[in-house]
Amino acid sequence: MINITFPDKSVKKYESSINGLELAKSISNSLAKSAVCIEINGELKDLSYLIEEDSVCKIFTKDDQYSLDTLRHSTAHVLAQAVLNLYPGTEFAVGPSIDDGFYYDFLFKENIKESDLIKIENEMRKISKSQQDFVREEISKDEAYKMFSKQTFKQELINTADKSEGVSEENISIYKNDKFSDLCRGPHVQNTSLINHFKLTKLAGAYWRGIETNPQLQRIYGTAWFNKNDLDNYLKRQEEAEKRDHRKLGNELDLFISTDETGPGQFLWKPKGAVLRQIIEDYSKKAHSENGYDYAYTPHIGRSVLWETSGHLDYYKEGMFPPLKNEENEEEYYLKPMNCPFHILIYKSDIRSYKELPLRYFELGSVYRYEKSGVLHGLLRARGFTQDDAHIFCTTDQIEDEILNLLTFSIKLLKSFGFDSIEADLSTRPEKSIGNNDDWEKATNSLKSALENQNISFVTAHGEGAFYGPKIDLHVKDAIGRRWQLSTIQVDFAQPDNFDLQFVDSNNKRVKPVMIHRALLGSIERFTGILIENYAGEFPGWLSPVQVKVLTIGDVSNYLNKITKSLKGFRYEVDDRNLRLGEKLHDASKDKIPITLIVGEKDELSNTLAINIRSQDNQQNVKYEDAIKQIKANLKTPIFKI
RNA sequence: GCCGAAGUAGCUCAGUGGUAGAGCAGCUCACUCGUAAUGAGCAGGCCGAGGGUUCAAUUCCCUCCUUCGGCUCCA
């Protein structure tokens, strides 16, 4: 007799041991039908798992995330099975479920091509049709070595006894279906026939265990769902996300271009993009100058001695553009990858008193980083970009207040642009770093208490800090739920040392200040790209490069004059081409203009016009004065106030 | 940097070992137009760059550049 406790706390008695599927059946047939896996005493198991003692159980159906994960993991097995059927001698590595899908990594005898995926997908469908059961077995390590004698990656997994791959010290669990077996902790769906609605999506390279010096495997990605509708929805979602792509929209909306001649990762801003950028920059500048920052300008290049002192040449040379030099002048210059050394020189240009601190230097500083060619991604990852950068010099006692103010400031700024959902990462000391442990700990604690004080939910990213100090990164969620890193706040105990920074304290002693690096929007290029994706190019009125478009019908030049006069101060365009109204409307909508005015000869007499506000999706005929009022209300710039 | 895919007109994309194609955009003309693309005509190209194979290469092969999807990286 065993007692099973269910999530609603009810307890059922069973005569003898019972497996998950039978358990589901004992509740209802429909539950048995939709059951996929089961949680027994907090551990996820197959439905076939035999429960032999009193347990707490929860049955997961097709609607649960765990079930989807299970399905996808099982689909990954079928993928590996299909690959081994088609390409005997292929080595297979790991194949987990991931968001919306799964992957499996392989070492083929000869690399496959993307066009081979169709063949593999067809083989998978065969396996699905042949209705094979997934069977769990536990075998000894020795047996496992034998079973995977020709699979070097599996051997390594067995060796390192990684529990997450179904390997533990004593025995090893494997899953078998037909002639295929794989090391696996499970659980799996019961039968391959459940694996119906899937698609292999892409082929990519991936390093074994994610380590660059390891051999590179070929990774096949796929997606899998319980029904066709979900699969179709997913594919549609992907398409929608593609429509938001800032590179595509940047071109369509005439915002920016990149050309072969400028070199990869660098952008040319066309007038409309430049306006957008200018609004963002002006807004940020104003916010800074009203909140205790001083403006600074610094050059784009500096002598190598500067980058030696700062430590960049020691720690970051790979990420910098190659040096500039000529025959007359042997000395090398470097393009700046960061603004901080220059701001430090400004600090050092005078003897500083404790009464001056904190000093905050702000600059829209363009920096150049030699990003690896494979990582470039439009505006989101460029080689030349502009940071809304500032460096704060303060006393140790001031750190906590400064960080707190910074967090408040940053959150407010991000919210002004429409990002309301904000989370943080707290990154601690990495292996490759400078400075002493005491300083690191002190700084990390200041960051942590500021986050707690501001009630920002955060996770600690161990070892992810900069080489010179710990940091807070703020992430926002965009309109379709993607997470973007924007602000970064970094404490730096190292640079003040490198440059021997000092201030005179109240005892007339020379003391080392602390430095805080921070960029709130991050890179203006990247931020603009994220804005484009967040709004799908349909910017709020105050950010829109063109805010109002006036469409004329017939000859209304007098009336038009009056209207454009009251639009002074707004960014407007007039479309008085001799075209049908339908076409003008089409063009205005294609350009994602927030407000469209239609003015015809009849309107001139009645002093009216038609106003189309994109966000309201309706159209009204209103008096001229009303229209102007509505325009002003819709195009308001958010007020920045802390 | 690595694995895979791609580069043809301003844009989106067909196509072929033998003189290069469409739609949109552009220009010209007609229509004088009230709610989501009016019609006709014209013009537009070193088929990413360099090398090779061939009587002949945009097409096949090699190298490079750039872009895209990933991996690694993002101080």
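In what follows, every heavy atom counts, from backbone to side chain, and hydrogens, waters and symmetry copies are set aside. Each chain gets a letter, A, B and so on, in the order the sequences are listed, and its residues count up from 1. All values reported here derive from a predicted model rather than from experimental measurement.
As judged by a 4.0 angstrom heavy-atom cut-off over every strand, Ala204(A) is placed among the base-contacting residues. At the heavy-atom level, Tyr315(A) lies nowhere under 4.0 Å from the strands shown. Among the heavy atoms of the strands lying under 4.0 Å from Ile112(A) are primed sugar atoms or P, OP1, OP2 only; no base atom is included. Residue contacts shown for Gly319(A) are absent, as no nucleic acid heavy atom lies under 4.0 Å away. Within the 4.0 angstrom heavy-atom criterion, only backbone atoms of the sugar-phosphate kind lie near Gly210(A); the bases stay farther away. Contact annotation for Lys584(A): no contact, since no heavy-atom pair falls under 4.0 Å across all strands. Arg219(A) comes within 4.0 angstrom of sugar-phosphate atoms only, judged by non-hydrogen atoms across all strands, and of no base. At a threshold of 4.0 angstrom between heavy atoms, the contacts of Tyr221(A) are confined to the sugar-phosphate backbone, with no base atom among them. Glu371(A) comes within 4.0 angstrom of no nucleic acid atom, judged by non-hydrogen atoms across all strands. Lys471(A) comes within 4.0 angstrom of the backbone, heavy atoms only, and of no base. Among the protein residues, Lys113(A) comes within range of the sugar-phosphate backbone only, with heavy atoms under 4.0 Å from sugar or phosphate atoms but none that close to a base. Counting any heavy atom pair closer than 4.0 Å across all strands shown, Pro337(A) reaches a base atom. Using a 4.0 Å heavy-atom cutoff across all strands shown, Glu252(A) reaches no nucleic acid atom at all. Residue-level contact check: Ala610(A) touches the bases, meaning some heavy atom is under 4.0 Å from a base atom.
For the P atoms, the distance from G17(B) to A57(B) is 14 Å, rounded to whole Å. Comparing G39(B) with C24(B), their C1' atoms sit 16 Å apart, to the nearest whole Å. One C1' atom belongs to A14(B), the other to A9(B), and the distance between them is 13 Å to the nearest Å. For the P atom pair drawn from U8(B) and C68(B), the interatomic distance equals 14 Å after rounding to whole Å. When the C1' atom is compared between C60(B) and G69(B), the two are found 27 Å apart, to the nearest whole Å. A gap of 12 Å separates the P atoms of A20(B) and G45(B), to the nearest Å. Using atom C1' as the reference point in both U12(B) and G26(B), the two lie 16 Å apart (nearest Å). Comparing U59(B) with G18(B), their C1' atoms are spaced 11 Å from each other, to the whole Å.
A close approach under 4.0 Å does occur between a side-chain nitrogen or oxygen of Arg247(A) and OP1 or OP2 of C68(B). Side-chain nitrogen and oxygen atoms of Arg383(A) include none within less than 4.0 Å of the OP1 or OP2 phosphate oxygen of U66(B). Side-chain nitrogen and oxygen atoms of Ser373(A) include at least one within less than 4.0 Å of the OP1 or OP2 phosphate oxygen of G1(B). OP1 and OP2 of C73(B) both lie 4.0 Å or more from every side-chain N or O belonging to Tyr370(A). For G69(B), the OP1/OP2 oxygens have a side-chain nitrogen or oxygen of His377(A) closer than 4.0 Å. Remark: Lys372(A) is not in phosphate contact with C73(B), judged by side-chain N or O atoms under 4.0 Å from OP1 or OP2. Note on Asn111(A): a side-chain N or O is less than 4.0 Å away from OP1 or OP2 of G4(B).
Ring to ring, Tyr104(A) and Phe106(A) are close: their centroids are under 6.0 angstrom apart. The aromatic ring centroids of Tyr468(A) and His517(A) lie less than 6.0 Å from each other.
Ion pair Arg577(A)/Asp587(A) flagged as a salt bridge, since at least one NZ, NE, NH1 or NH2 atom sits closer than 4.0 Å to an Asp/Glu carboxylate oxygen. A salt bridge between Lys236(A) and Glu239(A) is absent, with no side-chain N of the basic residue lying under 4.0 Å from a carboxylate O of the acidic one. Under the 4.0 Å criterion applied to side-chain N and carboxylate O atoms, Glu402(A) and Arg518(A) are not assigned as salt-bridge partners. Salt-bridge check for Asp254(A) with Lys272(A): failed, with every basic side-chain N at 4.0 Å or more from each acidic carboxylate O. Using a cutoff of 4.0 Å between basic side-chain nitrogens and carboxylate oxygens, Glu332(A) and Lys317(A) are not scored as salt-bridged.
Here G4(B) presents its P atom at 11 Å from CD of Glu110(A), a figure rounded to the nearest Å. In this structure, Asn612(A) atom CG and G34(B) atom C1' are separated by 12 Å, rounded to whole Å. We find that CD of Glu583(A) is positioned 11 Å from C1' of C24(B), with the value rounded to whole Å. Following rounding to the nearest Å, Leu200(A) (CG) and A5(B) (C1') show an atom-to-atom distance of 16 Å. The nearest whole Å value for the distance from the CG atom in Leu380(A) to the C1' atom in G69(B) is 15 Å. Spacing between atom CG of Leu585(A) and atom P of C33(B) amounts to 17 Å, rounded to whole angstrom units. In this structure, Ile257(A) places its CD1 atom 13 Å from C1' of C11(B), rounding to the nearest Å. The separation between Ile553(A) atom CD1 and U35(B) atom C1' is 8 Å, rounded to whole Å.
Distance alone, capped at 3.5 Å, places no donor-acceptor pair between the Glu538(A) side chain and the Lys592(A) backbone.
Atoms CD1 and OG1, from Ile301(A) and Thr298(A) in turn, are 11.5 Å apart once rounded to the nearest 0.5 Å. Note that CH2 of Trp307(A) and CG of Asp314(A) are 14.0 Å apart. Values are rounded to the nearest 0.5 Å.
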Read 5' to 3' with Watson-Crick or G-U pairs under 3.5 Å, [ ] for crossing pairs and | for partners on another strand, RNA chain B gives (((((((..((((....[..)))).(((((.......))))).....(((((..]....))))))))))))....
Apply side-chain hydrogen bond (donor to acceptor under 3.5 Å, both in side chains) to the pair Asp425(A) and His475(A), showing each step before the final yes or no. CA-CA 8 Å; Asp425(A) 278 356; His475(A) 299 251; 3.2 Å; yes
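Applying the 3.5 Å distance criterion, the base of C73(B) shares a donor-acceptor pair with the side chain of Arg381(A). Side-chain atoms of Asn251(A) stay outside donor-acceptor range of the base of C11(B), with no qualifying N/O pair under 3.5 Å. The base of A37(B) sits within donor-acceptor range of the side chain of His586(A), with an N or O pair under 3.5 Å.
Residues Gln485(A) and Glu212(A) both approach RNA chain B. Their nearest nucleotides, taken by heavy-atom distance, put Glu212(A) toward the 5′ side. In this structure, Gln619(A) and Gln218(A) both approach RNA chain B, and ranking their closest nucleotides by distance from the 5' end singles out Gln218(A).
At least one test fails for Arg72(A) against the ring of Phe102(A): distance under 6.0 Å to the centre or angle within 45° of the axis. Cation-pi geometry between Arg383(A) and Tyr368(A) is not met: the NZ or CZ atom fails to fall both under 6.0 Å from the ring centre and inside 45° of the normal.
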Can you check nucleotides 44-51 of chain B for protein contacts, nitrogen or oxygen pairs under 3.5 Å, and list what you find?
none

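Considering only side-chain atoms of Val375(A), the nucleotide from A36(B), U72(B), G4(B) that sits closest is U72(B).
Screening His246(A), Arg247(A), Arg244(A) against Glu533(A) for a side chain to side chain donor-acceptor pair (under 3.5 Å) leaves a single residue, His246(A).
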